[in-house]
Amino acid sequence: MQLSAEQIQLIFYEIAMSIGNSLDLRNMLKECLSTYLRKLNCSAGGILILKNDQNNNYHYEPIYSIPRSLYQRKYYQAIATLIPPCRQDNPLPDFIQNLPLHGCTEDNNHYHLMELPDFGLIFIIKNNEDLDPYIVKSLIPLNVKLARACLACLQNESLEKVNQRLSDIVLCSEDWIWELDTEGRYTYVSESIKNFLGYDASDVIGKTLYDFMTKEEAEKISDTFNSIFDQNERMVDIENWVVRKDNSLACVLKNGFPIIQKGEFKGYRGVDKNITLWKTAELNLRLAKEKAEEANRLKNEFLANISHEIRTPMNAIIGFCELLKHEKLTFTQRDYVYTIDGACKSLLTLVNDILDLSKIDAGKLQVETIACSLEEILNNLESLMAGGAREKDLEFKILHRTKLPEIIKTDPTRLKQILINLVGNAIKFTKQGHIHVIVSLEYKNNKYYIRFDIEDTGIGIPQNKFTDIFQAFQQADGSTTRHYGGTGLGLAITQSITEIMRGSITVTSQVGSGSTFTLLIPANIDIGESTPLLGEKQIQTRLTLSDNDDNLKFQGHILVAEDNLTNQKLIDLILKKAGLKTTLVNDGSEVIQLLDSIQSFDLILMDMQMPRMNGYDVTKYLREAGIQLPIIALTGSAMKGDREKCIETGCDDYLSKPLNKKDMFTIFKKFLTVSITL
């Protein structure tokens, strides 16, 4: 049937009016396709949408109103064949241009396929007669308009989905989202602020950031916000405390972006995260840490005081025992003296062990690495331990069966402490036989180590106790403690110090046959052809006359500042026996009273814990007065840093109680004239 131009124009008008009346894609397609079919007198039709898969392959699939009865029609199957998946780099428009727009007839039905550019295809069927080619061609602009309307609907649906998604996120989030204008006033807040601060969103709009802070918090943080607003910078992880509606405080983490519209700064959009629990936990942790540090400080102060209080009387007991040993005593009296002396030294060992254990637990026990003589360390070990072995009729030897370096780099004080502990244990638990210290050089893991094997023929250790003996307050069994004494701290401390020195300690043993403790300590040197080595021989103790304290005689006048009368008496006796003249004072103020005549003295022994005016203040006063007299600090404390504190105050050297006469005379040699009597 031939249509007039006016009829065709009316058809186009009604079809055009059906396009774009709805932003819902399916409703619009329903209305448009119904108008197409009705005005063109078509029996059926449908819309196919262009889609791409994850591999970016394009294909067409029905989106609206293609009758299922058509799926088996030959022409529809021909369409599926003609439109295979195609890649993005094979432009679809070229492909569509090759499709027949009409001309396929089946069972007196005429099938027409028309392009909807960038969206899909429209597919219509007309019974008994074909569409006028002029009408089909004239529909192209309408199809373009329909395609654009469809794309607009898709964009709107995507936008609605995004908005819904954002809305759901905002509603589900415990954080609150906000927008600020250029003056920092809220122009938008999410409803989650109700759960967060207790305010309705309407209560917040128009208020500033600072309206929800304490005055102190606002003053503290205002410079930060002012700088950010002035520079239009991002807000990145800004923490500040805000006031809830119930006047409780909450901490927020603020992040925001500047809003820029057409190049003009409009304010900020961002989010506040509730970090109150984190900050509270952080605050509690900090308070707990401060309490722990304070407790540790008080503990160290207590230990220092206890150390002083114990060492001061022990100094007198051990000192007078040493003096009595040189007097004419009966056998019974001498036995009593040695018993008292042994008990005091055991108590001193316990005090030292507890102090060391405290330092280790606090992580404050430090070691130094300095060049030192290995032979001197071994000679010193023999001079200290051989006597105890001889008292039990044990053979004691220090042997080395490989060449050893003359100089190693380690902490000589801590190494001697470890060796004395291991040898002391060997002597304690051995009734007969021998104690051998076998020293050798070992190369392991590309490093040189000094190896010490402390071998005894004592009671031995069960294999299942090898781990226990290195635990604090543990020994092989309870009967060991009762029979041999001790607290079980020695090996625990020894192993801890060894590990701090980056060494290792192991044990092999057989019950009834003895034990061997193996100590490996880094030599911290490179062994080369030019390295001086000790020969393969038994270490022999080298005693000289100067090593015998009884042969030393000093010249000089010593001022002794000591508040404990018993210690005054002891020090006075030791110094006078060494040929020295003494003057005794009871506290620091008496030292100051002697300022005019103080240059008549050759050295001051200064107790640092005196009442009224302590040794630190006296020393500082003397140095500020220009007194350059040697001052030797004398203290019952033996905590980390005591020596450094004394030296920094102005002392020339340091002695800890109980006084060791040999150590004291070694220091005196630096400042006084000494002679040796035969």
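Here the structure is a predicted model, which is why all the values come from computation and not from measurement. Atom set for the values below is all heavy atoms of this structure, side chains included, hydrogens, waters and symmetry mates excluded.
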With heavy-atom distances below 4.5 Å as the criterion, would you say the side chains of [X] and [Y] are in contact?
{"X": "Asn524", "Y": "Ile408", "answer": "no"}
{"X": "Asp335", "Y": "Thr330", "answer": "no"}
{"X": "Leu575", "Y": "Phe668", "answer": "yes"}

Under 3.5 Å, is there a donor-acceptor pair between the side chain of [X] and the main chain of [Y]?
{"X": "Thr583", "Y": "His557", "value": "no"}
{"X": "Lys620", "Y": "Gly615", "value": "no"}
{"X": "Asn614", "Y": "Gln609", "value": "no"}
{"X": "Gln333", "Y": "Leu329", "value": "no"}

Give me the atom names and distance for the closest heavy-atom approach of [X] to [Y].
{"X": "Leu404", "Y": "Val439", "value": "CD1-CG1, 3.7 Å"}
{"X": "Arg451", "Y": "Asp453", "value": "NE-OD2, 2.8 Å"}
{"X": "Pro611", "Y": "Asp587", "value": "O-CB, 3.7 Å"}
{"X": "Tyr449", "Y": "Arg502", "value": "CE2-O, 4.3 Å"}
{"X": "Phe452", "Y": "Leu378", "value": "CE2-CD2, 3.9 Å"}
{"X": "Asn564", "Y": "Thr566", "value": "OD1-N, 3.1 Å"}

Salt-bridge contact Lys325-Glu322 (side-chain N to carboxylate O under 4.0 Å):
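Judged by the 4.0 Å cut-off on N to carboxylate O distance, Lys325 and Glu322 do form a salt bridge.
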Would you call Lys279 and Glu282 a salt bridge, taking side-chain N to carboxylate O under 4.0 Å as the test?
yes
Can you confirm whether [X] is buried at [atom1], in the sense that more than 12 heavy atoms of other residues, nucleotides or ligands lie under 6.0 Å from that atom?
{"X": "Lys444", "atom1": "NZ", "value": "no"}
{"X": "Glu376", "atom1": "CD", "value": "no"}
{"X": "Phe331", "atom1": "CZ", "value": "no"}
{"X": "Glu294", "atom1": "CD", "value": "yes"}
{"X": "Tyr621", "atom1": "OH", "value": "no"}
{"X": "Glu499", "atom1": "CD", "value": "yes"}

Looking only at side chains, do [X] and [Y] share a donor and an acceptor under 3.5 Å apart?
{"X": "Asp602", "Y": "Gln555", "result": "no"}
{"X": "Asp572", "Y": "Thr582", "result": "yes"}
{"X": "Asn421", "Y": "Thr494", "result": "yes"}

Candidate list Met606, Glu562, Met610, test side-chain contact (heavy atoms from CB on, under 4.5 Å), partner Leu634, passing option:
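Going through Met606, Glu562, Met610 one by one, the side-chain contact (heavy atoms from CB on, under 4.5 Å) with Leu634 is satisfied by Glu562 alone.
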With Asn380, the side-chain contact (heavy atoms from CB on, under 4.5 Å) member among Lys416, Glu375, Met385:
Lys416
Full working for salt bridge (charged side-chain N to carboxylate O under 4.0 Å, His left out) between Arg623 and Asp652:
CA-CA 11 Å; Arg623 294 310 188 206; Asp652 295 277; 2.8 Å; yes
Side chain to side chain contact (heavy atoms under 4.5 Å, CB included) evaluation trace for Ile598 with Ile604:
CA-CA 9 Å; Ile598 205 163; Ile604 301 177; 3.8 Å; yes
